[in-house]
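Here is the structure we will look at.
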Amino acid sequence: MVYLTGAGPGNLDLLTIKALRVIKEADVIIYDKLINFEILDEAKSGCRFIYVGKSRGLHALPQEQINETIYQEALKHQSVVRLKGGDPLVFGRGSEEALYLKSRGVEFEFIPGITSAIAAPTYAGIPVTHRGVAVSFRVITAHESSDKLDSQIDWDSLRTDETLIFLMGVHRLEQIVTALMQIGKPSTTPLAIISRATFKDQNIVVSTLQESLNIDTDQIARPALIVVGEVVRFKKSLAWYRSTP
Ligand code: SAH
């Protein structure tokens with residue numbers, strides 16, 4: 001059995017009970033860069049760990065090889081945990097891995113995780129929806145492998161009052177912000193960059209579309225995501241998370 005498991009956004013307390021249970025029972029854990037490595041301390045003794053992490057520009061292992069690694073481990077072991085940051089199906093390629101296993105007759109389960117797309121704003125005191133301010137939200141990514149922003153994004157449709165949450169986009173901040181202003185979003189629209197959300201060193205930078213063009217994104221710790229919308233204003237009153245008790 002392969003458990004395609006969400007590890008949550010980082011903070012150990014945000015792991016689900018089911019994820020913790022399969023981690024404790026796992027014979028092998030195949031994990032990514034985004035997870036909190038302290039989770040691995042929960043594994044039983046003798047559990048094998050395989051790191052298949054990727055980082056931007058530096059692909060540790062191509063996806064095809066990751067799929068094959070999971071498959072090969074599934075042939076050898078009772079219980080394989082494939083551990084991914086946040087939720088395994090939110091820009092997590094969990095579904096690609098599941099299709100690969102399914103086509104080879106290997107059983108799998110998905111274990112949802114708390115996605116950073118929602119946990120990061122929540123830990124920053126930014127509600128992704130708020131009655132009368134934002135009635136919906138969107139989770140968007142900038143394409144990983146090209147210099148141009150993803151042409152699959154329908155930019156014109158982002159002119160609404162929805163809360164926009166950009167994952168994997170901090171290195172593209174300028175392009176994202178420019179595109180949003182080009183489609184007519186007011187330059188005063190609030191924007192927040194939330195980095196290392198739910199970790200002890202969580203940090204939040206609040207700005208506006210226009211002012212964010214002055215942010216030096218090299219100074220922002222990763223992982224980080226961008227939230228755009230009026231709901232960002234709530235941070236002033238609702239920020240609650242203190243990393244020290
Ligand atoms: N499956 C993951 C997302 C994978 S894409 C999930 O559901 O959360 C990776 C992106 O997620 C990062 O580039 C970053 O934008 C975001 N991310 C993940 N963990 C984060 C954290 N603790 N704080 C801020 N952003 C995070």
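Being a predicted model, the structure only gives us computed values, none of them experimental. Atoms within each ligand, like the ligands themselves, are counted from 1 in listed order.
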**Request:** Look at the aromatic rings of Tyr71 and Tyr100 and report parallel, tilted or perpendicular, splitting at 30° and 60°.
**Result:** perpendicular

**Prompt:** Quick one: does Phe166 get an N or O within less than 3.5 Å of an N or O on ligand 1?
**Reply:** no

**Message:** Quick check on contacts: which atoms of ligand 1 are under 4.0 angstrom from a heavy atom of Phe91?
**Reply:** 4 (C), 5 (S)

**Pair Thr160, Glu162: side-chain N/O donor-acceptor within cut-off below 3.5 Å** = yes

**Asked** Are Leu173 and Ile193 side-chain neighbours, meaning at least one heavy-atom pair lies under 4.5 Å?
**Response** yes

**Prompt:** Taking atom NZ of Lys236 as the centre, does the number of heavy atoms from other residues, nucleotides or ligands within less than 6.0 Å exceed 12?
**Reply:** no

**Asked** Do Ile35 and Leu40 have side chains that get closer than 4.5 Å, going by heavy atoms?
**Response** yes

**Asked** Is there at least one pair of N or O atoms, one from Gly85 and one from ligand 1, spaced under 3.5 Å apart?
**Response** yes

**Message:** Below the 3.5 angstrom mark, is there an N/O of Gly169, backbone or side chain, next to an N/O of ligand 1?
**Reply:** no

**Request:** For atom 15 (O) of ligand 1, find the nearest protein heavy atom and state the residue, atom name and distance (0.1 Å precision).
**Result:** Ala224 O, 2.7 Å

**Request:** Looking only at non-hydrogen atoms, find the nearest pair between Leu209 and Pro186 and report the distance.
**Result:** CD1-O, 3.4 Å

**Message:** Taking the ring of Phe108 and the ring of Phe110, is the distance between their centroids below 6.0 Å?
**Reply:** yes

**Asked** Near Leu167, which atoms of ligand 1 are under 4.0 Å from a heavy atom of that residue?
**Response** 3 (C), 11 (O), 15 (O), 16 (C)

**Item:** Min N/O separation Ala197 to ligand 1 under 3.5 Å
**Value:** yes

**Message:** Please determine whether any non-hydrogen atom of Lys84 lies less than 4.0 Å from an atom of ligand 1.
**Reply:** no

**Request:** Verify the neighbour count for atom NZ of Lys76: are there more than 12 heavy atoms of other residues, nucleotides or ligands below 6.0 Å?
**Result:** yes

**Prompt:** Of all the non-hydrogen atoms in the protein, which one sits nearest to atom 3 (C) of ligand 1, and at what distance?
**Reply:** Val90 O, 3.5 Å

**Prompt:** Any idea which part of Ile194 is under 4.0 Å from ligand 1, heavy-atom wise: side chain, backbone, both or neither?
**Reply:** backbone

**Side chain, backbone, both or neither: Ala119 near ligand 1, heavy atoms under 4.0 Å** = neither

**Asked** What distance do Ile23 atom CD1 and Leu83 atom CG have between them, rounded to the nearest 0.5 Å?
**Response** 5.0 Å

**Asked** Closer than 4.0 angstrom: is that true for some heavy atom of Gly10 and an atom of ligand 1?
**Response** no

**Prompt:** Side chains of Val80 and Arg48: closer than 4.5 Å at any heavy-atom pair?
**Reply:** no

**Asked** N/O to N/O below 3.5 Å, does that happen between Asp87 and ligand 1?
**Response** yes

**Asked** With respect to Arg82, which candidate in Glu109, Glu96, Glu97 satisfies the salt bridge (Lys or Arg N to Asp or Glu O under 4.0 Å) definition?
**Response** Glu97

**Prompt:** Could a heavy atom of Leu34 be found less than 4.0 Å from some atom of ligand 1?
**Reply:** yes

**Item:** Selection from Asn11, Ile114, Thr115 by shortest heavy-atom distance to atom 6 (C) of ligand 1
**Value:** Thr115

**atom 19 (N) of ligand 1: nearest protein contact (heavy atom, Å)** = Ser116 CB, 3.5 Å

**Request:** Answer yes or no: does an N/O atom from Met168 fall short of 3.5 Å to an N/O atom of ligand 1?
**Result:** yes

